[in-house]
Amino acid sequence: MIRFLAGFCREHPIDEKIFIVPSFITGRQIGGALARDAGSWVNLRFVTLASLAQEILEKHGGDSARKPLTSSAALALMDRVFRRLLGQGALEYFGRGGASPGLVRTILRAVRDLRHDGRVSADLRPGLFLVERKGQELALIFEGYERALEEDGLLDTAGLISLALKTAPAAPSAPDWHLCPMDARMSRLEADLVRAAAGDRLVLVPGDPVFGLERPRHAWPAPGPLDASGAGRLSWLFAPREAPPLTVAGVPKIFRALGCGNECREILRRLYAGKTPFDNVEILAPPGSPHPTVFHLLSVRTGLPVTFGEGIPISFTSPGRLFFGLADWLGNDFSVERLCRLVENGDLVLPSGAAGIPLPARTACRHLRSAMIGWGRDRYLERLGAFRDARKADLEQAEREDDDETGESREERLARDRAVILEIEELSAAVGKLLDVIPEPGPAAGHDFRDLCEAFARVTEDFGRSSSDLDGKARDVLLVRLAEVLEESRAPKLPLKDALDLLREAGASLRVGASPPQPGHLHVASFSSGGLSGRPMTFVVGLDEATFPGRGLQDPVLLDEERAALSASLPTAADSLRSNLFTLAAVLASLRGSVTLSYPSFDITGERASFPSSVILQAFRLSRGDPDLDYTALERELPEPAGFVPGGRDEVFDEVDWWLARLVGESRTSGGAASVEANFPDLAAGLAAAAARAGERLTEYEGIVDIGPVRDKVDPVAGGKAVMSATRLELLARCPFGYFLRHVLGVKPPEEVEFERSRWLDPRRRGSLVHEILCEFMTKVKEKKESVDPARHGELMAEVAGRHIDRAKRKIPPPSEAIFESERRDIVAALDIFMAAEAKREEKGEPLEFEKEIEKEEISLGGGRSFFLHGYIDRVDRTAEDTYRILDYKTGRTSDYENLVEFGRGRIIQHALYAVAAEKILARERPGSKPRVTASGYFFPSRRGEGREIMVRNFDRDKLRCLLNDLLYLLENGYFIAGPEAKCHFCDFAPVCVSGGPDETKRKREANPEVFEAYDKLDEYK
Ligand code: SF4
């Protein structure tokens, strides 16, 4: 092409020459290549088809009052037309699934193809469609689109070209030369426009010849036989049998890699190894492949200088992430997790408070999560207010206290508490400002789409981050697009999901940062726009069969058969496949210098092999000069796929490569691991931990620790600072490592409300709610001096339960009314079971106290040893004079308690501890009495528990003391192993637990007899 252009410019140096190019960036590249290869030129101008049409209109006085319609505005307009017809009940065929952006986009594409082919709605005779009804409706939509353009004074690209065609004089008066690439694919209207503009001065600029492939139907017809003079070897990619001898320049190289990431890395490694300047290199990728994104991410991470011919998707910029994240936030009912993600990434910056300093993102998110917001727009300010009030109450409490177990001074603690209250207030104000921008749904729960567009624009402007040039461009592009969509959308109120889908669709196609090749930069371009940089080294990536040349799927709205019936010039799926292949073949034929083709031979995310496209096989045949080679030969002869580890030190591209080359590569450094240990103390500690865990002995990394230095704080028998609870002791018996994490290291699971679409209350919160209801209900029944009777007390129970359930609903929002109702019914059923079981109880007794607090009761271990116990007894009944029964409500299933004899192998001891503590408290409260708890156990008022009671009567107090001594022995000796029967699936610490779990513990049994002997003793307490 450049050779031809250079010759033409030499022949017509002064004449005006207009070159029609797909984009101005392409024009700049052609101009640059021409100047570089052929010297200076004048009077050559580059235009796109749209700008050519615009020039014709301006020159010949066409209707210039009409406004151009951008692609996203066209989508909004088509959406409006579709919804109007749907609302009128006119879309029986297309309207079955409602108005989804995907369907609207597909219809718009079909209408565009028709318009570019010069068709109008009246041309769509339903009889030409496989389903007549579809034809009728498509004509109706098409007609609605035409009318909307007319009424609004708008011109889409096809309309612009049509108008230019009508305006252009039959013979151009002062004809300039119009040059057009011969291989350019054009619609019927576009080709007509070029002919009309050029008259008899149309010059088709030939590219390098492509042998062995049929020219696509929509390219200009070749004027005669192809000229092979000066052609490179790649011109014969699809005709290797006719290819000239291997001595002709242009023998391609081929490699494969494990995934696209390694394919890109391998290119960089080759450049580093060959010390190739970046601006000698162009990388071509198929449309839609992930390779440009990989280069962008490498560039962001390492500062690699890269230009992108087509730019990068806007979603890779901060404003783009904010735009789509905002849609997700709203679409997920203002889920606090979605908001935190945006804040933590720094894409959404909450406004500063009174001090003018924005709250650090981590602090803001910590408070947002702790405020138990969960989701729901209305809950943010309400819950943050409640959270602040709770902190204020804590502060008032702290002001009354003076001691502190943590060692923090009172002043420090109070200052911290006050600072937290201020932070919450600032956060509340900032979130309030953000919510003020988001419009509330209308009375019919519909959203005004225009208001929503404005809100997105304001959030992008006022709350976005724009720390780089690219981010600044992305923000501007988004604002322009939102303004276009807003202008075109006159849809009435839309359901939120539809409105957000429309917005996402408007942003999805946006790209930013498109640039021609720049000095010092690698250049990444697509097959259709690349190959013009004139750089001496080209890599063509992504040539696996799934990516290229594509699947050739039919347009679902306008099938190939229907397209053929409507017009001989409408493109079909086969045309698009042929066109893709020819585009690549033409680009490859035009390349000079070194050309390397590659493909990912393994899909790392999908964990499956991927295979080379036919282009790779053809290139292989061409490179070997043997047209009969097959895929088996290709597989056999290609080198091993490039992977994660660079081949040698000179190929190292970044820090990751540097490390891998030194630690595992072929040229690895001896003693590399030792050098890491010497220089990175944290990594050294990690390596030591891994080595210790791999050994046979249990070590500190598996919970065998010396608690000596903190004994007074963690050992309940020494010092008395560690006040025990039944739950705490049971955890020690079940999984000492879990105990270590929680009560020695002080690790706490985050207090967050997790959004679960299928559940309202988790088991713990559900249990607390049932406990609260039963406590109040039983207190009221006792006040009336009555026994529980379902007939008499049903109303009371309903009133108490209703109040508590409503309060819980305000605190924790259910994901839907249906789920709330289902769980509410389940709770009510459990309460009914409770009343029925109470009424049937054989040994009635007198319910005496509920939620009785064990404040800090000393429990004797014998031998002068003791510890303090704290807790709440759900219920104490008096069954006879000085005889008591203790009940604990359980809302889960009974299975864990089925084999309980006395102490459940140390894992179930709450009933026993509470019995001992209750006897002491009751004796104190009733001087002179000798209270005795003769029965203590668990009551299961739930559907799963069926109202059963599992009671232990007159357990052995001495045995309990022995058990507690044996249990505390583990703690006193620092034997915090992972419990051999621990249920890690239900453990809050599973995400952070590094113990290796029960399997690792069991593996080390033999080498650590003293630890297991101590632990196994618990099994004796059945
Ligand atoms: S995850 Fe398993 S081993 Fe770790 S603390 Fe929890 S129960 Fe124990």
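Values reported hereafter were calculated over all heavy atoms of this structure, with side chains retained and with hydrogens, waters and symmetry mates removed. Whatever order the structure lists ligands and atoms in, that order sets their numbers, starting from 1.
Set against the non-hydrogen atoms of Gly738, the atoms of ligand 1 under 4.0 Å away are 5 (S). When each atom of ligand 1 is checked for a heavy atom of Ala978 under 4.0 Å away, the hits are 3 (S). For ligand 1, the atoms closer than 4.0 angstrom to any heavy atom of Cys993 are 1 (S), 3 (S), 4 (Fe), 5 (S). Each of the atoms 1 (S), 2 (Fe), 3 (S), 7 (S) of ligand 1 lies under 4.0 Å from some heavy atom of Cys984.
Annotation: atom 6 (Fe) of ligand 1 to nearest protein heavy atom, Cys987 SG, 2.3 Å.
When Ser995, Pro991, Cys735 are checked for heavy-atom proximity to atom 8 (Fe) of ligand 1, Cys735 turns out nearest.
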Working for side chain to side chain contact (heavy atoms under 4.5 Å, CB included), residues Phe834 and Phe939: CA-CA 9 Å; Phe834 169 82; Phe939 181 10; 3.4 Å; yes

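Between the CG atom of Asn1008 and the OG1 atom of Thr1001 there is a distance of 10.0 Å, given to the nearest 0.5 Å. Remark: Asp417 CG to Ile421 CD1 distance equals 6.5 Å, nearest 0.5 Å.
For the salt bridge (charged side-chain N to carboxylate O under 4.0 Å, His left out) with Glu902, the qualifying choice from Lys959, Lys1022, Arg953, Arg957 is Lys959, the only one to do so.
At least one cation-pi condition fails for Lys852 and Tyr872: the charged atom is not both under 6.0 angstrom from the six-membered ring centre and inside a 45 degree cone around its axis. Annotation: cation-pi geometry not satisfied between Lys890 and Tyr938 (NZ/CZ under 6.0 angstrom from ring centroid, within 45° of ring axis).
For Ala982, every heavy-atom contact with ligand 1 shorter than 4.0 Å involves the side chain, none the backbone.
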